[in-house]
Amino acid sequence: MEDFEFYNPTKIVFGKGTENRIGEILKKDKIKRVLFVYGQSSIKKTGVYDRVVESLRKNNIQFVEHGGVKPNPVLSHAKEGIKKAKNEKVQAILAVGGGSVIDEGKTIAVGAKTRKNVWLYFKRDEEIKGALPVYVILTLAATGSEMNGFAVITNEETSEKLSISSEYIFPKISILNPELTYTVSPQYQAYAAVDAIAHVIEYYFTGSYCPELQSRIIETLIRRIIDTTEIILKEPQDYNARAEFMWSATLALNGLTRLGIKDGEFPNHMIAHALGALYDLPHGACLSIVIPAWMKWYMEKNKSQFERFARQLFNKDNAVDGIEELKGWFKKIGAPVSLKEVQVAEEEIKKVVENAYGIACVWKMEKFYTKEVLTEILKNAKD
Ligand code: NZQ
Ligand code: ZN
């Protein structure tokens with residue numbers, strides 16, 4: 001096992017009705033005024049908005065609203081939030097929604113503490129030195145943002161989708177009520193499952209050494225993600241399936257699964273972010289297109305782990321069958337597996353390559369992921 005340091009300061013409050021405790025939780029932390037960040041319409045339709053407001057009012061917590069966060073959150077909207085947070089002198093961010101809302105909330109938390117242009121942190125030109133505390137009520141289990149120090153934002157002027165990573169932006173407390181995810185559509189449930197699987201397989205395959213324990217944790221998570229998704233798609237209100245899926249998605253990117261793995265990178269995310277930035281496609285849909293294409297290209301570089309994957313997950317004894325099984329499952333749940341399915345023509349590949357290469361440079365992966373390599377991978381995804 002490789003040496004590691006592990007730090008995860010997020011407190012998780014998990015279970016039925018827990019969102020009603022938000023006011024009391026903030027009060028206990030001596031927070032009196034928050035920026036209430038949310039998405040486009042779901043929390044108003046489901047009644048979560050009303051329950052949160054009631055809990056805040058009951059506990060005398062003042063709030064300034066910042067709604068309208070879009071999926072694949074954009075820099076301009078985050079900057080509006082930063083202005084509000086500064087002008088209104090809020091003490092904390094309360095993000096109620098999925099990964100997009102949480103990520104924009106984290107970005108505002110960073111921006112509110114500095115005079116610098118927040119985009120500089122995403123370009124990795126500046127180091128984050130502080131942030132407002134972030135509190136979360138999760139309504140869509142997928143990204144793991146509720147228990148990690150990452151945030152992803154799209155600069156819509158430059159078509160760049162980049163991330164920040166900092167200990168300051170781990171949420172202080174995240175409230176996870178699986179019931180709040182009953183209304184997530186089958187389509188987004190499929191994207192969520194792909195995303196959570198993506199989070200665990202990146203290091204599993206790219207690590208030059210993966211301890212047995214980590215391989216087994218990862219395989220168990222993938223199995224539970226697949227099995228619970230199958231149940232959820234048939235029975236959206238199955239509490240235990242929603243609950244196990246939710247916790248699996250959190251564990252998939254809270255730091256646990258990558259411990260002790262040597263080397264390891266996030267190439268599928270790098271390419272998926274290029275697709276997201278250029279075509280504003282849902283993150284999970286970008287990944288379901290990229291993953292099988294990348295796997296085919298990468299397989300020979302870590303053959304034994306791909307064979308292991310095929311065996312453990314799908315009871316197959318060769319690497320190619322494992323990839324086909326995973327791709328087949330993505331298809332079965334309604335996630336796209338080719339660029340053609342999302343109307344991205346072959347002629348567009350060049351543009352995607354340029355964009356992905358830009359991310360590779362920021363992530364310092366450009367030596368391995370050259371434009372030629374990226375082209376080869378994306379060509380595997382064309383139809
Ligand atoms: O905007 P509203 O109306 O709330 O609707 C959302 C949105 O349309 C809807 N939704 C959320 N909760 C719902 C619901 N609909 C019905 N019932 C509910 N309970 O779902 C749609 C998608 O929401 P979004 O937040 O965009 O999805 P997700 O959680 O998948 O987040 C995706 C974003 O997170 C980034 C992605 O790149 C993308 O920008 N990621 C963040 C990561 C992180 N911070 O660690 C890691 C990931 O790899 C990922 O990159
Ligand atoms: Zn992801």
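In listed order, ligands and their atoms are each counted from 1.
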Check ligand 1 against Thr143 and write out every atom of the ligand that is under 4.0 Å from a heavy-atom position of the residue.
28 (P), 29 (O), 30 (O), 31 (O), 32 (C), 34 (O), 40 (N), 41 (C), 42 (C), 45 (O), 46 (C)
Would Lys106 count as being in polar contact with ligand 1, using the rule that some N or O on each side must be under 3.5 angstrom apart?
no
Among non-hydrogen protein atoms, atom 10 (N) of ligand 1 lies closest to Ser42 OG, 3.8 Å
Applying a 4.0 Å heavy-atom criterion (strictly less than), which segment of Phe150 is in contact with ligand 1: side chain, backbone, both, or neither?
both
Does the side chain of Thr158 come under 3.5 Å of the side chain of Glu160 through a donor N or O and an acceptor N or O?
yes
Please work out whether any backbone atom (N, CA, C, O) or any side-chain heavy atom from C-beta onward of Lys70 is under 4.0 Å from ligand 1, and answer side chain, backbone, both or neither.
neither
Please classify the Asp103 to ligand 1 contact at 4.0 Å (heavy-atom distances, strictly less than): side chain, backbone, both or neither.
side chain
Residues Lys106, Tyr168; criterion side-chain contact (heavy atoms from CB on, under 4.5 Å); working and verdict
CA-CA 9 Å; Lys106 288 173 172 178; Tyr168 294 108; over 6 Å; no
Under 4.0 Å, heavy atoms only, figure out whether ligand 1 is touched by the backbone of Asp195, its side chain, both or neither.
side chain
His199: heavy atom below 4.0 Å from ligand 1, yes or no?
yes
Could you tell me whether atom 18 (C) of ligand 1 has a protein heavy atom closer than 4.0 Å?
yes
Looking only at N/O atoms, are Gly99 and ligand 1 under 3.5 Å apart anywhere?
yes
Quick one: report the N, O or S atom of Asp195 that is nearest to the Zn ion (ligand 2).
OD1
So if I count the atoms of ligand 1 from 1 in the order they appear, which ones are less than 4.0 Å from some heavy atom of His273?
37 (O), 50 (O)
Using distance alone, determine whether Lys161 and ligand 1 share an N or O pair under 3.5 Å.
yes
I need the contact type for Gln40 against ligand 1. Using non-hydrogen atoms and a strict under-4.0 Å cut-off, is it side chain, backbone, both or neither?
both
